[in-house]
There are 2 protein chains.
Amino acid sequence: MATLGIKDIAALAKVSPATVSRVFSSPDLVSEKTLHKVKKVVDELGYRPNRMGANLRTRKSGNIVAIIPDITKPVNAGIIRAIEKGAQNAGYSILLGDTQGVEKMERHYADMVTHGQADGILLFGSRLPFKVNCDQPLRQQLPPLVNGNEGIDSDEIVKVAVDNVAAAKAAVNYLVSMGHRRIAAITGPKNIPSSNKRVRGYYEALEDAGIERDDRLLVVGRYDVKSGVDCAEKLLQINERPTAVFCFNDDMAIGAMQHFQQQGLKIPDDISVMGFDDINYAEYVSPSLSTVHQPLQEIGEACINLLLKQLRGEEVPAGSRYLPYTLMIRNSTGVVPKQK
Amino acid sequence: MATLGIKDIAALAKVSPATVSRVFSSPDLVSEKTLHKVKKVVDELGYRPNRMGANLRTRKSGNIVAIIPDITKPVNAGIIRAIEKGAQNAGYSILLGDTQGVEKMERHYADMVTHGQADGILLFGSRLPFKVNCDQPLRQQLPPLVNGNEGIDSDEIVKVAVDNVAAAKAAVNYLVSMGHRRIAAITGPKNIPSSNKRVRGYYEALEDAGIERDDRLLVVGRYDVKSGVDCAEKLLQINERPTAVFCFNDDMAIGAMQHFQQQGLKIPDDISVMGFDDINYAEYVSPSLSTVHQPLQEIGEACINLLLKQLRGEEVPAGSRYLPYTLMIRNSTGVVPKQK
DNA sequence: TTGTACGCGTTATCAA
DNA sequence: TTGATAACGCGTACAA
C-alpha cells in the first residue's frame, strides 16, 4: 500500500490538506459538517497521520529519554513505571536508555536530544553525560533534564529523591534505639552522591549517639547481592564484630543476611540487618527485612512532572525535591544481643 | 541558537548540502579532502544532524516499541535489557510500552507503528493489540513483530520462549522422582497461553507417572507474590494436603513459601516448593528456591535478532523458537515426607 | 470556517 | 566525486 498522506484524504474529502490537518490537531476550528466528512474518508481508508512529518514541522519529537544504569534493579523499574504513565498522559513516549553504567552509552542516549530524537532527559545515572563548558552557568548548557535519586552532585540541576542524609540517619538512630553501638555500614560505590549522603547520615547518627567511628565498620559495596555477601564476610572478620549492619540497599542486605545465616548467626538475635529501598521481595525474605522505604511511584511522578514543566517552557528552579521515606521495621532487626 | 542545519554547514564549507549528508551517511563516497573540510566546519559549529529530517525522508523511525505487561517483573526487566543492547548495536532505540495489562495502552503502543513512530514491535503481552481481519492471513496484516514468552496463541506469529510444556513437565518429573505423588500446581491466570502450556506439562508428567489428577490441587494464581500466599492457603485447606507445590513463577513460590512457613510447616521437610523463572532473588530467599531457569538474556537476544531480520526485509518463518531451560535444584525441594 | 503556499531538515535521483 | 533539485508528510501563517 503506497502510504496515503494527508493530501490523499484531502482530495477524496474534497477539502484542503490544511483542513484535514485541523481535524486531527484542532478539531474545534472545523465545522461539524466538514469534520464528519473528513472523518468518514479517514475511517474508510484507515488513514493514520504520520507523526514524523508533524514532528519535523513542530520540532518536537514527543519522546523523553530515560537514562538508567540498570533497569533490572527493582528500584529503577518501579520509578520508570510511574514515569512512563505520566509521560503517556502528557502525550510523550519513553525511550529506554539502560546504560549498564557505561559512559559511552550514557553519551549515546544523551545525544538523542541534540539529534532531535528526544525533547528531554530523565537521568538516573551518577554523572552528567555532556561536555560542559565551565565558563558558563551549567543550567544554560543543559537540555530539559531531571535527575532522579540524587545521582549528580550539583546545585544547578533539578533533582528528585528522598533525603538520603536524613533517611540514613533515621535508620541508624533506630538501630541505636535498640541498644546497638557496634553498627556497621555497607555502602554503595564511593563516587555515588546518594551513597555518600547516606554515609553522612550514618556518621551524624553515630555522633549524636556519642558513638565513636570505627573505620573497619564501614565497608564499600557495589549495590548488588554478591557484594553484600562479600562485605558481610569482611565484617565477620573484625574482632569486635558489629551487632547491627546498615546496608545501603536491599540487595546487599539480602546478600549479607544470607552470609550471616550460613555462618550460623541468627538474625536478629545475633546480628541485626537493615536495608534501604524496600523492594518487593524485602517483605518475603527470611527473616523479613527491615528497611527504608522509598516512594518509587511518587519519585517517578515528581521526575516526570518536573520535566514536563520544563518542556512546557515553565521555569523550574534547580535543587533537590525531597520525598518522604518511611522506616519499615520488620524482623531482621532487634535489640542488641546481651554481652557474653 | 537558531538551529543550524545541513545547508548552513554546506554554505560554510562551500560544498552542497548533499555532500554534507554524505559525510555522515556514506563517507566512503566523499573524497578525503572534502571530508576533512566538512568535518572541520561541523566540529567548529558543533553541528549534529537532525534525525527527524532523515527519518521523514527514509521513512524509518529507528525505533522499536517493546510492549510489556509489567516492567517491574524481574523476568521482563531481564529480557528488556538484552533487547535494548541488541537494538542499540543495530542502531535502533527502544520505546518502552509498559501497559500494566491494559488493552487500551497495548493499542496505544501498537499504534506507534502505524503512526511511523516505530518500525517494529516486540510483544510480551498475551493478546494481539490489532484489529485483525479474519479473511486474510494474519501474517500479512501485521507489522514486523516478535512475540516473547509465548503470550499469543497463534501459529502465524514469530515467537521466542522456553518450551513451557517440556519445562513444566521436567519440573514435575523431578518432584515425582523425589517420591512426591500429591503434587499441586499454582498456575498463572487462565487465559495466558504460557500458563496453559505449563498446565499441560504438569498433567503430562502426572500421567506418565501414573498419578491421577486431583482438581483441587490445581489452583489459579495471578503471578504475584500475594496470590502465591492466597493459593497456598487454599492448598492447606485440602484434607489430603499436597507434599509438593509447583508454582508457575517465582513470585508466587515466594508467597507460598512464606505462608507455609507462617503456618509452621518446614520447607522442604514438610512440603516442597518449586518455582519458575529463576529470578535473582530465588537464590536468596530461605530456603533457597528450586526453580526452572529461563535464559532471559538469550530470549531477549533472540527476540531482537528475529525482529531486526524482519526489519532488514529478510523472510522470517512464523512459529516458536525454543530456548533451553534449566532445572535449578536448591533447598526448597526434597524427598517426600514419610507417611504418618 | 476554509484554502494557499511555504518550510521543517534530511536523503535520493539524476546529471554534471 | 560532487551539485542541483525534488521529494518525505505535515503544520501554520496568511489570505480569502
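To find a chain, count down the sequence lines: A is the first, B the second, and so on, and within it residues start at 1. Note that these values count all heavy atoms, side chains included, but never hydrogens, waters or copies made by symmetry.
Using a 4.0 Å cut-off on heavy atoms, the residues of residues 16-24 of chain A that approach DNA chain C are Ser16(A), Ala18(A), Thr19(A), Arg22(A), listed by number. Within residues 31-39 of chain B, the residues that have a heavy atom under 4.0 Å from DNA chain D are, in order of number, Ser31(B), Thr34(B).
For the atom pair CD1 of Ile67(B) and CG of Leu96(B), the computed distance is 10.5 Å after rounding to the nearest 0.5 Å. The distance from the CG atom of Asp98(A) to the NZ atom of Lys73(A) is 10.5 Å, given to the nearest 0.5 Å.
Checking Thr72(A) against Asp70(A) by side-chain atom types alone, a donor-acceptor pair falls below 3.5 Å. At a cut-off of 3.5 Å, with distance as the only test, a side-chain donor of Gln297(A) or Glu301(A) sits close to an acceptor on the other residue.
Atom CG in Asn55(A) sits about 12 Å away from atom P in dT12(D), given to the nearest Å.
For Val15(A), the side-chain atoms get nearest to dG3(C) when compared with the rest of dG3(C), dT2(C), dT2(D). With dT12(D), dA12(C), dT10(C) as the candidates, the nucleotide lying closest to the side chain of Pro49(B) is dT10(C).
Contact of Arg57(B) with dT10(C) (side chain to base): no donor-acceptor pair of N or O atoms is detected under 3.5 Å.
Glu32(B) CD: 12 or fewer foreign heavy atoms inside a 6.0 Å radius.
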Checking salt bridge (charged side-chain N to carboxylate O under 4.0 Å, His left out) for the pair Asp119(B)/Lys60(B): CA distance, chi angles, key distance, verdict?
CA-CA 6 Å; Asp119(B) 304 332; Lys60(B) 308 223 150 150; over 6 Å; no

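Of the possible polar contacts, none joining the Glu106(A) side chain to the Thr99(A) backbone as a donor-acceptor pair under 3.5 Å is found.
Looking at Ser61(B) and Gln117(B), their side chains never come closer than 4.5 Å, going by heavy atoms from C-beta outward.
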